[in-house]
Amino acid sequence: MKQQELSKIYSPKDVEDKWYEYWESHKLFHATVNKDKKPYTVVIPPPNVTGILTMGHVLNNTIQDVLVRWKRMQGFETCWIPGTDHAGIATQNAVEKALAKAGTNRHELGREKFVERVWEWRKEYGGTIIRQLRKLGASCDWDRERFTMDEGLSEAVKEVFVRMFDKGLVYRGKYIVNWCPFHQTALSDDEVDYAESNGNLYYVKYRIEGTNESGIVATTRPETILGDTAVCVNPKDERYKHLVGRTAILPIVGRRLPIIADDYIDSSFATGMMKVTPAHDPNDFLLGQRHNLQQINILDEQGRMNEAVPKQYEGLDRFECRKRLLKDLESQGLLVKTEPHVHNVGKCYRCGTVIEPYLSDQWFVRMKPLAKPALRVVQNGTIRFHPDRHVKVYENWMNNIRDWCISRQIWWGHRIPVYYAPDGTYAAARNEAEARTKLKLPDGSVLRQDEDVLDTWFSSWLWPFSTLGWPKQSEDLQYFNPTDALVTAPDIIFFWVARMIMANMEFLKGEPGRSGKPRTTDEELVPFRDVYFTSIIRDLQGRKMSKSLGNSPDPLDVIAEYGADALRFTVAYLAPLGQDVLFASEKCEIGRNFANKIWNAGRFLMLNRTEICGDNQITLDKLPTEHLDLADRWILSRLAGTIKNFNDALSEFHLNDASKILYDFIWHDFCDWYVELVKTRFYGEESAEVKQTVVVRALWVFDQALRLLHPMMPFVTEELWQHLTDRKGQSLVRAPFPTGAHLRIEPTTEEEMTFVQDVINAVRNIRGENNIAPSKDIHLQVRAAGEKKGGVFKTYGKYLNKLARVVAVEMISAETKPKLASSAVVGDTEIFVPLEGLIDVNAERVRLEKEISRISALVQSIETKLANASFVERAPKTVVDKEKEKLANFISNAEKLKKSLKHLE
RNA sequence: GGGCUCUUAGCUCAGUUGGUUAGAGCGCUACCUUGACAUGGUAGAGGUCAUAGGUUCGAGUCCUAUAGAGCCCACCA
């Protein structure tokens, strides 16, 4: 308990880094298997290794840290595993950009060198975000930091791929994928951005063989005509029934196209006749499969027309070809009309190039078998979503799940562990030797590994167990998995959350669980129990935070200006479960001011501690229960309620409620009332012994408040907590969280205190409304309804003195006429502030009239209600009784006020 | 096109299963530097809870429709 001057204004800069270093160097965040304790595990949603901290991360990681610190203080063996994602395309892009600047490119370097370069890049620039998380105060177990390209995680990826391949859950197939001609890779559906675009709908005439008729089809992408292999109509369409089974002739090319019928066709769209291009449109592809149509690929990997098209178009860029083809169609009179058409065009989320549906060889995961159990555990509540409305979205997706295209034509990532023999046969294997065995090839024979790498999510979906050492068996894996809470953004519910559920359930089947026995039940197999979907952070105009809009404050700047605690608290305070948050850095004033308030409350208590106790050591181990007065009993009751409400709110993941509960308790109950009332004793006539008890008790309550607040505001609470008394090397990080075990919520105490507060408020109101200077002493006349109420004024007159500057209280009987006064009614007690030149009689009359009319309106509304026979009959008796009681009170109060008004004359 | 969410004070938002006089922060007005804090204190003004119906003794809360804002999924030639 070193005595030092604390500055009037809390300065986060001076304490935050200091404490973070202390916590980290003392390994306070480190978790180890401890069978005597219950584990509480959280895996971080691994941010892109290229990433820097955004407000989204701040929200996400603040929530995780609040939960983790709370559980840690509650005595759980708490493990928060941090790490980063190798982010295939994003990272490769970053490095390619750097190469371009240096005047070279990856093709010049070659694959091996390029990948080396990426590793170098990662060493130098990657993981910034991980360092930034420390600034925020995140209590991750840094000894467990992982990267999705780590050796261990790569093992997991290979193991999973090989197992799935051998089980038939991974297959290779031709498929329509979203192809980015710029990156020359397939993109998952989620990597394509769709935007409305003004295009044209072109109507083209196809001659029908053996008739004089022709059909007209409409298309937005005329160049795909060159890949048409059928024409399709709806079987119910009377206009075209006679054509089904005949043959159309493809313009320009002259290919013979069967005319087929399928329900997929919407007769009301355009002409109701559609051209079918199985190799270049996903729907046509499916149609093609149903009708056994030929697939003709007309593009190369860069989006140019290939050798499958007539010579004059070969080698043209797809858009160039479109122009030429339209011209040619027009000159042959086959372009019937062109009309403007707004449609959605998909673009590469990285480079903005228009994606091309493209037929290519890709690897896929069969999702249906994996989806079944994953759907079940969410429906049966083994995994709970917060807010739970996401369950519906999840169900819908899982019920309509499609196979997952996992191959990517880039170099940075986990290379697909498939090996090809010279004869083209192939097998998935953990290494070449295994591949040779599987392919029955001699040792040392030449193998070719698949060129593609896996989708980034193929490593992310293993995160809850790959980070714990799987496929190796370990105590860590047994103990820390299943994890507890997952905190993530709702937009990755499908590509991450759902897949983690599938992976954990599939690959941990039979692995030893917490009991040591093989896992079989849903409870043992899920990757986590609760999923918290965070809000989306927007700017004050409601726009998404984005780099291009420049509306995203840099969290580090915000921390520098307001402090990490302020940012954390503000974000928690503003983020209701499941709603978007409008944020601007000025909002952090809420948190900054709060931190400052707490700081000064602490300063005040410590000043008095020194004043009262001198240099004597005090201990806060135990609540002193001697010399309790109303304020003491009240604050302890309020503390008990606060602990309960806070724990309840956090258990439900209502961080905004939890933060408000603490804000109200600390600012309003503790600072506004308790600290003020405790002054009557610090500065009063009490003995030194009593004062000592009182100050220690106040410090004890404050200590409890700091513990409660620590998960939200770790830095300022630790700093203050250390100052309160000698902690002997202990940190608040692992101090027990308040349980309220020896505290009780006492309704009568709270009622009594509320009465005192109401009286003080009423006097203050009279002061305010009548412009009575705060320095002016007030004499009060009180007409109390009962002796008990009257007693309060005697016992706690000092409260009135301190908080409303009431220097004298005179009790008067019902018969006694009060002096000419400004009056108010509190409950059933009347208080009078004699005028004596203080008060403007007219102003007082207005004030009373206003109050009387307000209460009369209430009286009226209740009378109407009670006059309604069906209300009295059908409403519960308690409700009716309550209304009656209210009515009696209002009437009595109105009477009293009316009397006072009359008295003014 | 399918699904979901939101609309409460000038601004940003709370408001649990329908039942006190609808709350908070910021902003605004007035007063106050009173022995922690002006990043403070005290008081005050400000709301027919988007609109229209309905259920109910009773609706900010439940149902339907409408208007506006937004999100997710699909991506129709």
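Just so we're on the same page: letters track the sequence lines, and every chain starts at 1.
Within the 4.0 angstrom heavy-atom criterion, base atoms lie near A:Glu676. Residue contacts for A:Asp672: at a heavy-atom cut-off of 4.0 Å it reaches the sugar-phosphate backbone alone, with no base atom in range. Within the 4.0 angstrom heavy-atom criterion, base atoms lie near A:Cys671. Note on A:Ile265: a base of the nucleic acid sits closer than 4.0 angstrom, heavy atoms only. In this structure, A:Gly272 reaches the bases: a heavy-atom distance under 4.0 Å links it to at least one base atom across the strands shown. Residue contacts shown for A:Arg592 include a base, since a base heavy atom lies under 4.0 Å away. Contacts of A:Asn396 with the nucleic acid, taken as non-hydrogen atoms under 4.0 Å apart, are absent.
The side chain of A:Arg764 lies closest to B:U42 when the candidates are B:C37, B:U42, B:C76. Here the nucleotide nearest the side chain of A:Asp266, chosen from B:A77, B:C57, B:U42, is B:A77. You'll find that the side chain of A:Pro774 is closest to B:C32, out of B:C32, B:A36, B:G44. With distances taken from any side-chain atom of A:Ala218 to the nucleotides B:U42, B:A74, B:A77, the minimum falls on B:A77.
No donor-acceptor contact under 3.5 Å links the side chain of A:Glu769 to the base of B:A30.
In this model, the phosphate group of B:G41 is approached by a side-chain N or O of A:Lys597 to a distance below 4.0 Å at OP1 or OP2. Dashed line: the shortest gap from a side-chain N or O of A:His341 to OP1 or OP2 of B:A77 is under 4.0 Å. Contact annotation: A:Asn761 reaches the phosphate of B:A43 (side-chain N/O to OP1 or OP2, under 4.0 Å). Proximity of A:Asn765 to the phosphate of B:G44: a side-chain N or O atom is located under 4.0 Å from OP1 or OP2. Under 4.0 angstrom from either OP1 or OP2 of B:C72 there lies no side-chain N or O belonging to A:Lys392.
Using a cut-off of 4.0 Å between Lys/Arg side-chain N and Asp/Glu carboxylate O, A:Glu885 and A:Lys882 are scored as not salt-bridged.
A:Glu339 pairs by the salt bridge (charged side-chain N to carboxylate O under 4.0 Å, His left out) definition with A:Lys337, not counting sequence neighbours. A:Arg389 pairs by the salt bridge (charged side-chain N to carboxylate O under 4.0 Å, His left out) definition with nothing, not counting sequence neighbours. Take A:Asp262 and apply the salt bridge (charged side-chain N to carboxylate O under 4.0 Å, His left out) test, not counting sequence neighbours, and it matches A:Arg290. Listed by chain and residue number, nothing satisfies the salt bridge (charged side-chain N to carboxylate O under 4.0 Å, His left out) test with A:Asp491 (two or more places apart in sequence, or in another chain).
Identified under the salt bridge (charged side-chain N to carboxylate O under 4.0 Å, His left out) test for residues 586-595 of chain A, with sequence neighbours left out: none. Within the structure, salt bridge (charged side-chain N to carboxylate O under 4.0 Å, His left out) pairs that include any residue of residues 858-867 of chain A comprise A:Lys865-A:Glu883 (at least two apart or interchain). Sequence neighbours left out, the pairs with a member in residues 670-684 of chain A that pass salt bridge (charged side-chain N to carboxylate O under 4.0 Å, His left out) are A:Asp629-A:Arg681, A:Asp632-A:Arg681, A:Glu676-A:Lys679, A:Arg681-A:Glu686.
As a whole-Å value, the separation of A:Leu803 CG from B:A43 P is 10 Å. Here B:A36 presents its C1' atom at 14 Å from CZ of A:Arg609, a figure rounded to the nearest Å. The interatomic distance linking A:Ile760 (CD1) with B:G41 (C1') rounds to 14 Å, in whole Å. For the pair A:Asp388 CG and B:C4 C1', the computed distance is 12 Å after rounding to whole Å.
Taking the C1' atoms as reference points, B:G23 lies 12 Å from B:C49, given to the whole Å. For B:U12 and B:G47, the C1' atoms lie 15 Å apart once the distance is rounded to whole Å.
Taken together, the paired segments of RNA chain B that extend over three or more consecutive Watson-Crick or G-U pairs, each closer than 3.5 Å at both contacts, are B:1-7 with B:67-73, B:10-13 with B:23-26, B:28-32 with B:40-44, B:50-54 with B:62-66.
For the pair A:Met274 and A:Lys8, nearest-nucleotide mapping onto RNA chain B gives the more 5' position to A:Lys8.
Between A:Trp599 and A:His723, the ring planes are perpendicular. Angles over 60° get that label, and only those under 30° would be called parallel.
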Please encode protein proximity along nucleotides 10-26 of chain B as a string of B, S and -, counting only heavy-atom distances under 4.0 Å. --SSS----BSB--SS-

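Note that A:Lys691 lies outside the cation-pi zone of A:Phe682, set by a 6.0 Å cut-off to the ring centre and a 45° limit from the axis.
The aromatic ring of A:Phe269 does not stack onto the base of B:A77, failing the criterion of a centre distance under 5.5 Å from the six-membered base ring together with planes under 30° apart.
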